[in-house]
Amino acid sequence: MKKLSQSFYEQSTLEVAKNLIGKVLVFDNKKAVITETEAYFGDDPASHGANGMTARNYPMFGPAGNTYVYFIYGMYYCLNFTTEKVGFPAAVLIRGIKMIDTGEHFDGPGKLCRALNITKKQNNIQTFKSKELYIADEGIKLKCKKKTRIGITKNIHKKWRFVGIEC
DNA sequence: GAATAGATCCGC
DNA sequence: CGGATCTATTCA
C-alpha cells in the first residue's frame, strides 16, 4: 500500500479530484475507496475560499495534502483535501466512499463524515505525515465520469464533480 | 446584536 | 418543502 505523498496534491485541483477516484481513504483503521469527489478552487463563487481567508476556511489556503473539515447547516461535517500552493485557496470535497471491509456505500459528504466519525478534530491534518488519516494507492482502477456539482447555487454548470463507476 | 444564506440530510 | 441549528457575512 502506497501512501500518497504531498506532490500528489500539488497538481491542479481538477487533476487531484479526478485522480482521487479509486484511491483508498484510511482513517482510524477503516479503509474506504473514494467513489465521488468535487473540486473547489480559486475565485469560483461556489468555493469557500473565493472571498478570502476566514477562521473557518484557512486550511484551503495552506499547503497541499492537508484535510479541511468544515461544519455546515448546523448538523454536518464535510471532508476535503487541500491542493495546490500555499496562498491559493483550493480543495477537493469527498462526496462518496465505499467501505472495503463491509462493502457499505456512503453517498453525500455529510453522511460520509458521520459514518467515519470525522469531526473538527480531523481539521487541518497533514495527511502525508499522519498515520491516522491519509490516502493510499491500492491500484484500484475505476471508470471516471465528469458531472456538474451538487448542492450549490453558484457556478452550477461547471463539470467539476467526478464519479467513479465500477468495472 | 439581529437577520440571512449555505459545498446537507431526512421526513412529510 | 421545512426542520435541525453552526458559521460567516451583512446590516443597523
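The sequence lines fix the lettering, A, B, ..., with proteins before strands; numbering per chain opens at 1.
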Q.
More than 12 heavy atoms of other residues, nucleotides or ligands under 6.0 Å from NZ of A/K120: yes or no?
A. yes
Nearest whole angstrom, please: distance from the [atom2] of [N] to the [atom1] of [X].
X: A/F162; N: B/dA7; atom1: CZ; atom2: P; result: 19 Å
X: A/Y76; N: C/dT7; atom1: OH; atom2: P; result: 16 Å
X: A/K154; N: C/dT9; atom1: NZ; atom2: P; result: 12 Å
X: A/Y70; N: B/dC9; atom1: OH; atom2: P; result: 9 Å
X: A/I72; N: C/dA4; atom1: CD1; atom2: P; result: 18 Å
X: A/M53; N: C/dT7; atom1: CE; atom2: C1'; result: 17 Å
X: A/L93; N: B/dG6; atom1: CG; atom2: C1'; result: 13 Å
X: A/Y77; N: C/dA4; atom1: OH; atom2: P; result: 19 Å

Have a look at [X] and say if it touches a base, only the backbone sugar-phosphate, or nothing, with a 4.0 Å heavy-atom cut-off.
X: A/F71; value: sugar-phosphate
X: A/R95; value: sugar-phosphate
X: A/N51; value: nothing
X: A/M60; value: base
X: A/I152; value: sugar-phosphate

Q: Measure up the A/F71 and A/Y77 rings against each other and bin them: parallel (under 30°), tilted (30 to 60°), perpendicular (over 60°).
A: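 Tilted, since the angle between the ring planes falls between 30° and 60°.
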Quick one: which of [options] gets closest to the side chain of [X]?
X: A/R56; options: B/dC9, C/dT7, B/dA7; answer: C/dT7
X: A/T54; options: B/dA7, C/dA8, B/dC9; answer: C/dA8
X: A/S47; options: C/dA8, B/dT8, B/dA7; answer: B/dA7

(Q) Partner lookup for B/dG11, please. Criteria are Watson-Crick or G-U wobble with both distances under 3.5 angstrom; report none if nothing qualifies. (A) C/dC1
Q: Please determine if A/E138 and A/K2 form a salt bridge, counting it only when a charged side-chain N lies under 4.0 Å from a carboxylate O.
A: no
Q: State whether A/K98 and A/D107 are salt-bridged, where the test is any N-O pair (Lys NZ or Arg NE/NH1/NH2 against Asp/Glu carboxylate O) under 4.0 Å.
A: no
(Q) Rounding to an integer number of angstrom, what distance separates B/dT4 and C/dG2 when you compare their P atoms? (A) 15 Å
(Q) For the P atoms, the ones on B/dG1 and on C/dT5, what distance do you get once it is rounded to whole angstrom? (A) 22 Å
Q. If each of A/T153 and A/D107 is mapped to the nucleotide of DNA chain B with the nearest heavy atom, which maps nearer the 5' terminus, i.e. the 5' end?
A. A/T153
Q. A/M75 or A/K120: which one's nearest nucleotide on DNA chain C is closer to the 5' end?
A. A/M75
Q | A/W160 backbone acceptor or donor facing A/E38 side chain under 3.5 Å | A |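 Not at all, since once roles are kept as given, no pair shorter than 3.5 Å links the two residues.
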(Q) Check whether A/R149 reaches the backbone of A/A39 with its side chain - one donor and one acceptor, N or O, closer than 3.5 Å. (A) yes
**Q.** pi-stack flag for A/Y40 and B/dA7, centroid dist under 5.5 Å, interplanar under 30°
**A.** yes
